[in-house]
2 protein chains.
Amino acid sequence: MARAVRDRKRRPSSGPLSRARIVAEAVALADRHGFQNLSMRSLAERLGVEAMSLYNHVVDKNDLIDGMVDHVAGEIALPAREAPWKPALRQRALSAHQALVRHPWACPLIGLRLNVGDNMLAHVEAGLARLVEAGFSYEMADHAMNAIDNHVRGFTLQQLNFPIEPKKFAQTAQDYLPKLPPETYPHLRNLAERVASGAYDGLDDVSFGLDLVLDGLERLLRDGGAASRSSPGFSGAR
Amino acid sequence: MARAVRDRKRRPSSGPLSRARIVAEAVALADRHGFQNLSMRSLAERLGVEAMSLYNHVVDKNDLIDGMVDHVAGEIALPAREAPWKPALRQRALSAHQALVRHPWACPLIGLRLNVGDNMLAHVEAGLARLVEAGFSYEMADHAMNAIDNHVRGFTLQQLNFPIEPKKFAQTAQDYLPKLPPETYPHLRNLAERVASGAYDGLDDVSFGLDLVLDGLERLLRDGGAASRSSPGFSGAR
DNA sequence: TTGACCGGCTTACGGCGTAAGTCTACCTGC
DNA sequence: GCAGGTAGACTTACGCCGTAAGCCGGTCAA
């Protein structure tokens with residue numbers, strides 16, 4: 001009893017528990033030890049508290065995860081208001097990419113559940129706003145933003161599955177070569193060999209695919225196809 | 001003892017255990033009861049067997065999941081060899097979309113681990129082949145395929161988070177309106193209202209964003225930008 | 001002074017993946 | 001026809017997980 005009281009007093013590092021503190025520590029923990037090693041118990045221990053105490057501030061582990069995702073969304077810079085739509089959305093995408101690389105565990109979580117935290121909503125709102133202001137219809141703007149965001153997410157996800165340092169990158173490709181007999185997978189083999197030789201590294205550059213999409217959108221806007229088009233989507237889900 | 005023997009004899013529905021049978025049943029079970037309700041135990045029971053018996057044919061649960069993903073990949077039609085690259089890749093993407101809708105749990109799993117099953121490799125090889133034959137450099141073909149596949153995956157993921165039937169779709173959007181005060185999220189609110197009113201349904205059509213990407217690629221190819229470009233990527237990961 | 005409540009804590013439950021070891025039916029070579 | 005090996009099932013058990021249920025001390029308003 002007395003012990004419990006004393007222990008409670010010497011809770012490490014700062015003040016009372018709160019959703020924000022819990023989420024922030026969870027993010028840090030996932031960054032350091034990987035998302036699949038994040039349990040309510042390990043998180044609680046890290047906060048100098050028992051697991052069940054977390055449930056005073058968080059309804060669920062899912063709720064916690066939602067918070068973590070929104071925390072990452074909060075690190076994405078909002079597009080500059082004054083810039084033209086194209087560089088604005090480009091910057092928005094690159095910033096998102098950086099945030100996702102900083103928190104590799106976040107990428108696969110993003111589409112998994114509907115993410116309707118404040119930060120995510122602000123992120124979506126800002127993107128939508130730039131596009132609508134630029135002259136896209138709401139429905140086209142929605143589709144356009146999806147195209148951009150899907151590219152960023154997909155690319156980053158792929159990138160994160162491979163070691164980032166070029167040396168290791170090539171080595172990993174090397175390791176997979178035996179799985180790619182040239183007679184069954186001629187083109188894939190060919191590509192893999194180029195990577196293994198260190199001659200290329202296709203995952204070093206988000207911006208290529210991004211510009212492909214942005215250029216397509218710009219042309220669409222210029223040619224006037226951006227005003228009509230049948231159907232838009234609700235994009236709260238991201 | 002005798003009981004165990006008898007039980008083993010009346011294992012339901014057909015022959016001996018095998019990796020293929022296990023994976024197939026796992027896919028069916030995930031389809032029916034959801035991926036997060038698939039455990040080694042429930043799967044084993046479904047197969048009339050004990051959990052640990054599965055490990056004679058599967059090294060891990062992760063290994064099982066890899067098998068499931070590859071099973072889904074096997075349902076994607078390979079692009080027609082004789083068709084021109086654009087309709088070929090369009091069909092490939094649509095077929096992938098259908099497979100992912102058929103097995104909603106598969107979508108979030110796809111990028112999570114490196115997927116190097118035979119079916120997935122064949123899927124990637126086929127796409128790469130069409131693009132290279134069409135005149136794209138290897139590196140450009142890789143980027144192009146990524147752009148296409150990322151769009152399909154991202155779009156499908158979003159789509160699966162919303163109820164498919166238009167009635168429910170609009171209702172769900174309706175439910176989220178309170179979270180979107182017009183003063184903070186004017187554009188998003190606007191969009192959501194259009195969806196809630198039933199006037200629009202932006203998630204009914206993969207092909208729009210897809211054509212955006214394909215058109216962009218076609219233009220790139222026509223303008224000659226498809227031959228150079230610095231760096232390709234190894235795309236075994238999907 | 002008292003009593004409600006907030007935010008910690010403890011205990012316990014059922015389920016998970018899987019390591020380790022056992023048993024039996026079958027195949028193979030003599 | 002029999003010995004020995006093997007493959008593929010089974011049993012048991014461990015340590016982890018998320019979280020339901022309830023307890024208990026400290027704080028603060030009435």
Side-chain angles (χ1 to χ4, degrees), chain A residues 1-27 29-30 33-69 105 109 112-113, chain B residues 1-26 29-30 32-69 105 109 112-113:
Chain A
M1 308 298 126
R3 187 156 175 324
V5 174
R6 236 188 312 114
D7 284 0
R8 209 178 311 169
K9 292 277 138 142
R10 66 169 171 74
R11 187 185 307 131
S13 69
S14 86
L17 228 39
S18 73
R19 185 185 163 93
R21 244 177 40 95
I22 292 174
V23 168
E25 193 60 46
V27 167
L29 220 59
H33 304 309
F35 179 74
Q36 82 273 30
N37 288 114
L38 176 76
S39 69
M40 297 306 270
R41 288 180 227 268
S42 64
L43 175 56
E45 187 186 18
R46 184 83 200 142
L47 288 161
V49 122
E50 295 302 314
M52 289 311 290
S53 302
L54 303 177
Y55 287 88
N56 287 316
H57 306 270
V58 134
V59 357
D60 241 354
K61 190 173 190 188
N62 278 334
D63 184 35
L64 171 65
I65 294 174
D66 288 346
M68 294 170 69
V69 170
W105 46 267
L109 295 178
L112 227 151
R113 293 158 49 81
Chain B
M1 308 299 127
R3 186 155 177 319
V5 174
R6 235 188 313 113
D7 284 359
R8 209 175 311 168
K9 292 279 141 147
R10 66 168 172 72
R11 186 184 310 130
S13 69
S14 83
L17 227 39
S18 73
R19 186 185 161 92
R21 241 176 41 96
I22 291 174
V23 168
E25 193 59 47
L29 219 59
R32 234 195 328 276
H33 304 309
F35 180 75
Q36 83 272 34
N37 287 115
L38 176 76
S39 70
M40 296 306 270
R41 288 181 226 269
S42 64
L43 174 57
E45 187 185 19
R46 184 82 199 142
L47 288 161
V49 124
E50 295 302 314
M52 290 310 289
S53 303
L54 303 176
Y55 288 87
N56 287 316
H57 306 271
V58 135
V59 358
D60 241 352
K61 192 176 188 186
N62 279 334
D63 184 35
L64 170 66
I65 294 173
D66 288 346
M68 293 169 70
V69 170
W105 46 267
L109 296 178
L112 228 151
R113 294 157 49 81

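Throughout, a chain's letter reflects where its sequence line sits, starting with A, and its residues are numbered from 1.
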Peer 1: Establish, with yes or no, whether the OP1 or OP2 oxygen of C:dC6 is under 4.0 angstrom from a side-chain nitrogen or oxygen of A:His57.
Peer 2: no
Peer 1: Give, for atom CD1 of B:Ile22 and atom NE2 of B:His57, the distance between the pair rounded to the nearest 0.5 Å.
Peer 2: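 B:Ile22 atom CD1 to B:His57 atom NE2 measures 5.0 Å (nearest 0.5 Å).
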Peer 1: What residues form a side chain to side chain donor-acceptor pair (under 3.5 Å) with A:Ser18, not counting sequence neighbours?
Peer 2: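 Result, side chain to side chain donor-acceptor pair (under 3.5 Å) vs A:Ser18: none returned.
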Peer 1: Using the salt bridge (charged side-chain N to carboxylate O under 4.0 Å, His left out) criterion, which residues pair with A:Asp63? Sequence neighbours excluded.
Peer 2: A:Arg19
Peer 1: From CD of A:Glu45 over to C1' of D:dC16, roughly how many Å is that when rounded to an integer?
Peer 2: 14 Å
Peer 1: Between the two end axes of the helix from C:dT1-D:dA30 to C:dC30-D:dG1, each built from 5 base pairs, what angle do you get to the nearest 10°?
Peer 2: 10°
Peer 1: Expressed in angstrom and rounded to an integer, what is the separation of A:Leu54 atom CG from C:dC9 atom C1'?
Peer 2: 12 Å
Peer 1: Determine yes or no for a side-chain-to-main-chain donor-acceptor pair under 3.5 angstrom, with B:Arg21 supplying the side chain and B:Pro16 the backbone.
Peer 2: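 Yes: the side chain of B:Arg21 pairs with the backbone of B:Pro16.
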Peer 1: Apply side chain to side chain contact (heavy atoms under 4.5 Å, CB included) to the pair B:Leu54 and B:Leu47, showing each step before the final yes or no.
Peer 2: CA-CA 10 Å; B:Leu54 303 176; B:Leu47 288 161; 3.9 Å; yes
Peer 1: Locate the shortest heavy-atom distance separating A:Leu38 from A:Lys61; write the atom from each residue and the value.
Peer 2: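 Distance-wise, the nearest heavy atoms are O-NZ, 2.8 Å.
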Peer 1: Within the modelled atom types, does a donor on one side and an acceptor on the other bring the side chain of B:Asn56 and the base of D:dA7 under 3.5 Å apart?
Peer 2: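 Donor-acceptor pair under 3.5 Å: no.
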Peer 1: Starting at atom CD of B:Glu50, determine the distance to atom P of C:dT24, rounded to an integer number of angstrom.
Peer 2: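 Rounded to whole Å, this separation is 16 Å.
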Peer 1: Sugar-phosphate atoms are those with a prime plus P, OP1 and OP2; base atoms are the rest. Using that split, label each nucleotide of nucleotides 14-20 of chain C B, S or - for protein heavy atoms under 4.0 Å, 5' to 3'.
Peer 2: --BBBBB
Peer 1: Can you tabulate the close N/O pairs, meaning under 3.5 Å, that link protein atoms to atoms of nucleotides 4-6 of chain D?
Peer 2:
none

Peer 1: What do the steps show when you test A:Met40 against A:Leu64 for side chain to side chain contact (heavy atoms under 4.5 Å, CB included), and what is the final call?
Peer 2: CA-CA 9 Å; A:Met40 297 306 270; A:Leu64 171 65; 4.1 Å; yes
Peer 1: For residues B:Asn37 and B:Ser42, report the shortest heavy-atom separation together with the two atoms involved.
Peer 2: O-OG, 3.5 Å
Peer 1: Restricting to side-chain contact (heavy atoms from CB on, under 4.5 Å), what partner residues turn up for B:Leu112, sequence neighbours left out?
Peer 2: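 Listed in chain order: A:Pro108, B:Leu109.
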Peer 1: Rounding to an integer number of Å, can you tell me how far A:Leu47 CG sits from C:dG7 P?
Peer 2: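 Taking atom P of C:dG7 as the reference, CG of A:Leu47 is at 16 Å.
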Peer 1: Please give me the minimum heavy-atom distance between B:Arg46 and B:Leu29, naming the atom from each residue.
Peer 2: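 Scanning both residues, the minimum pair turns out to be CD-CD1, 3.4 Å.
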Peer 1: If you compare all heavy atoms of A:Tyr55 against all heavy atoms of A:Asp60, which two are closest, and at what distance to 0.1 Å?
Peer 2: CE2-CA, 4.4 Å
